[in-house]
Amino acid sequence: MVEVAGFISSRPHTVRETGGAKGKTAEAKGSPESIYAGTQQNMLRTVTETVESYQRVPALLLFVFITPAMRFVFRISHGFFRPIFQEVNLMFGTFWALVPPIIAIGLALITKEVYSSLFIGAVAGALFYAGFHVEALDSLLNDGVVAAIRDNAGIFMFLVLLGILVALLNKAGGSAAFGAWAKTHIKTRGGAMFATFLLGVLIFVDDYFNCLTVGSVMRPVTDSHHVSRAKLAYLIDATAAPICMIAPISSWAAAVSGVVEDYSGFDLFIRAIPFNFYSLLTIVMVLFLCKTGMDYGPMRRHELNAIRNNDLFTEGEQPEAVEEVSNPRARVIDLLLPIIVLVVLCVSGLVYSGYLNGADNFIDAFANCDAFFGLPWGAIVALVFTVIYFVLRRVISFKDAMSCIPQGFCAMVPAILILTLATSLKNMTTLLGAKEFVAGVMHSASSGLYSLLPAVIYLVACGLAFATGTSWGTFGILIPIVTEVFKADFTLMIVGVSACLAGAVFGDHVSPISDTTIMASAGAHCYHLNHVFTQLPYALTVAAVSFVSFILAGLIQNVFVNLLIAVALMVGTLLVIRAIVNKKHAGIFAEMAEANKALAK
């Protein structure tokens with residue numbers, strides 16, 4: 001006879017066969033009472049050990065209270081619904097699939113501690129997936145952490161190589177030489193921020209590469225003009241994913257092209273660019289901030305502290321200060337040439353990976369590129385070139401060059417750890433059926449809100465990307481649904497795809513568990529949660545204007561009219577905010593203006 005052992009099996013849609021004396025024993029061991037009792041002991045032991053090893057306990061204490069509450073809810077549910085749902089995981093494909101990332105984000109915002117928050121979110125996801133069974137540990141390790149390390153090995157390698165390259169440039173004196181040159185050519189804080197923005201726009205190939213390269217090059221320049229690390233992180237993040245999403249030759253264009261079915265993915269991506277309001281209006285936002293010097297929200301405090309006290313961090317953990325080496329033999333070319341070689345080789349690596357994947361022309365090569373292979377390929381060749389170049393130039397010895405390897409690796413450990421935990425959390429969300437839940441929501445909304453559906457798609461994409469921390473996963477889920485819903489109206493399909501892409505970029509931009517947000521913090525050497533909190537008001541401002549623009553786009557469907565209205569709304573909104581902020585903080589802005597003049601001298 002076949003009986004179901006326990007309320008929720010360790011995998012969805014599975015049953016356990018039991019029979020005779022062995023069957024009774026298995027059923028007793030797998031009964032809800034024994035499962036919950038064993039799970040309670042395991043969780044208490046795990047929490048006790050974790051509390052002893054962590055210095056920041058608020059998140060863990062919250063976990064102690066949250067987990068029994070969730071167990072209580074599902075114990076009651078077990079009693080009511082076992083006769084009906086005894087063979088399936090009741091959380092699969094429901095809102096519960098998004099609860100683990102909500103827990104992680106909530107804890108991060110409450111405790112301002114990212115490592116334990118991500119870990120607790122991943123543990124919650126594993127417990128949900130395994131039905132609060134002891135096999136949750138297996139799911140957490142194998143499906144979560146091990147899979148995260150395996151799937152991101154290429155990006156981890158790229159991070160380490162880039163960290164080594166940055167340490168090498170600093171030890172050879174290239175960074176100091178570029179900083180000295182920039183001080184004589186970039187006179188103002190606005191100029192330093194605009195130069196950061198411009199470099200971010202020029203490096204549009206890949207967001208990871210953009211974040212770390214722009215940060216390493218511009219950090220000495222912005223530091224010399226008292227631009228806070230939080231502001232630098234925002235400038236990096238705002239020119240990473242938003243720029244890549246509107247660049248036809250980028251890893252993002254290739255990713256979008258790969259998920260489109262029954263249409264030319266590249267053609268659809270090009271047509272969607274003018275309707276991608278979030279990416280385009282983010283550019284307007286950054287240019288306005290660079291020109292006016294306006295700041296609001298938590299960013300204003302960070303910027304004011306940087307100007308008044310030359311404190312670039314204000315609060316939170318600070319990376320170890322790296323002393324710039326002044327080398328009389330070093331020149332600006334010693335920074336620019338390795339960076340140029342790195343850009344060229346990384347682009348070549350992306351194209352090369354596309355050809356390895358079966359492409360027979362340049363466009364197809366970009367559409368089929370693999371950033372996890374192409375970026376490390378370019379970085380390792382660029383690193384070898386840089387070592388040889390510096391040794392031949394006699395600006396650094398070979399022994400000193402090799403000492404940069406552990407230094408660069410150590411600099412990237414926090415980013416690697418956060419990325420591993422964030423990816424583990426994403427894996428748990430995927431196993432819980434987030435894709436199926438969102439697909440059901442979209443199909444339900446499509447029946448009654450046809451013209452307003454682009455705005456609905458935008459909100460769904462924003463929420464999904466924020467909760468899961470992945471823009472690629474978001475549009476990978478939503479684009480096939482959007483193209484199916486709008487199959488009879490190609491113009492509205494383009495607007496819908498744009499809304500999906502824009503929402504994915506927003507969620508990726510502001511989520512504390514997003515890999516791009518993590519990379520921006522690493523590139524700026526900024527405490528991660530400082531970056532998350534300070535950029536949120538800016539991103540929400542752009543997101544609100546974009547939402548209104550998508551409502552109008554679903555009704556008007558004219559690209560030029562909608563784009564003009566969107567830009568006008570954005571500028572008008574910023575002018576209103578500026579007037580309010582100036583009225584409230586007039587003295588502070590006068591002080592900042594005087595500081596700018598002093599720095600320019």
Side-chain angles (χ1 to χ4, degrees), residues 155 158-159 161-170 174-175 178-179 181-182 185-186 189-225 227-247 249-252 279 282-283 285-287 289-290 312 319 322 324 332 335-347 350 371 375 378-379 382 408 411-412 415 505 508-509 514-526 528 531 534-535 538:
I155 293 302
F158 178 65
L159 285 172
L161 291 170
L162 206 54
I164 296 170
L165 183 61
V166 170
L168 193 60
L169 293 175
N170 181 68
S175 298
F178 179 78
W181 175 87
H185 292 78
I186 300 176
R189 298 179 76 252
M193 291 188 287
F194 179 75
T196 305
F197 162 77
L198 187 61
L199 183 61
V201 171
L202 293 176
I203 304 178
F204 54 79
V205 177
D206 184 78
D207 55 329
Y208 290 171
F209 180 50
N210 179 302
C211 289
L212 297 173
T213 304
V214 174
S216 62
V217 173
M218 295 307 301
R219 195 165 53 245
V221 180
T222 56
D223 285 357
S224 66
H225 286 86
V227 176
S228 67
R229 292 293 177 85
K231 189 62 168 290
L232 175 61
Y234 169 71
L235 294 172
I236 293 171
D237 212 350
T239 54
I243 296 297
C244 291
M245 187 56 89
I246 57 176
I249 302 177
S250 68
S251 57
W252 287 58
S279 295
T282 296
I283 297 175
M285 177 77 162
V286 172
L287 292 175
L289 296 178
C290 293
L312 305 178
V322 179
E324 286 191 355
V332 175
L335 178 89
L336 296 182
L337 183 60
I339 295 298
I340 292 172
V341 170
L342 179 66
V343 172
V344 172
L345 288 175
C346 283
V347 174
L350 291 172
L375 293 179
M412 290 300 172
V505 172
D508 179 87
H509 195 181
S514 162
D515 45 7
T516 308
T517 309
I518 295 166
M519 293 298 101
S521 300
H525 285 193
C526 171
H528 181 56
H531 172 43
T534 53
Q535 80 165 354
Y538 295 173

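None of the values given here were measured: they were computed from a predicted structure.
Using modelled atom types, no side-chain atom of His525 and backbone atom of Arg219 make a donor-acceptor pair closer than 3.5 Å.
Of the candidates Thr534, Thr222, Asp223, Arg229 forms a side chain to side chain donor-acceptor pair (under 3.5 Å) with just one, namely Asp223.
Under the 30°/60° scheme for interplanar angles, the aromatic rings of Phe194 and Phe197 are found to be tilted. Ring planes of His509 and Tyr234: parallel class, angle under 30° (limits at 30 and 60°).
Distance check: Asp508 CG to Met245 CE gives 8.0 Å after rounding to the nearest 0.5 Å. From His531, atom NE2 reaches atom NZ of Lys231 across 13.0 Å, with rounding to the nearest 0.5 Å. Note that CG of Leu235 is 12.0 Å distant from CG of Leu198, once rounded to the nearest 0.5 Å. Distance check: Leu232 CG to Asp237 CG gives 11.0 Å after rounding to the nearest 0.5 Å.
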**OP:** Assess whether side chain to side chain contact (heavy atoms under 4.5 Å, CB included) is satisfied between Ile283 and Ile243, documenting all intermediate values.
**Re:** CA-CA 8 Å; Ile283 297 175; Ile243 296 297; 3.7 Å; yes

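Contact check for Gln535 versus Thr517: side-chain heavy atoms found under the 4.5 Å cut-off. The closest side-chain heavy-atom distance from Leu289 to Met193 is not below 4.5 Å. Considering only heavy atoms from C-beta on, Leu337 comes within 4.5 Å of Val341 through its side chain.
Considering every non-hydrogen atom in both Thr516 and Ala240, the closest pair reads CG2-CB, 4.0 Å. In terms of heavy atoms, Ile236 sits closest to Gly215 at CD1-CA, 3.6 Å. Nearest approach of Cys526 to Ala233, heavy atoms of both residues: CB-CB, 4.2 Å. In plain terms, the two heavy atoms of Pro242 and Ile246 that are nearest each other are O-CG1, 3.5 Å. Residues Ala195 and Ile186 approach most closely at CB-CD1, 4.0 Å, considering heavy atoms. The minimum heavy-atom distance linking Leu335 with Gly174 is given by the pair CB-O, 3.7 Å.
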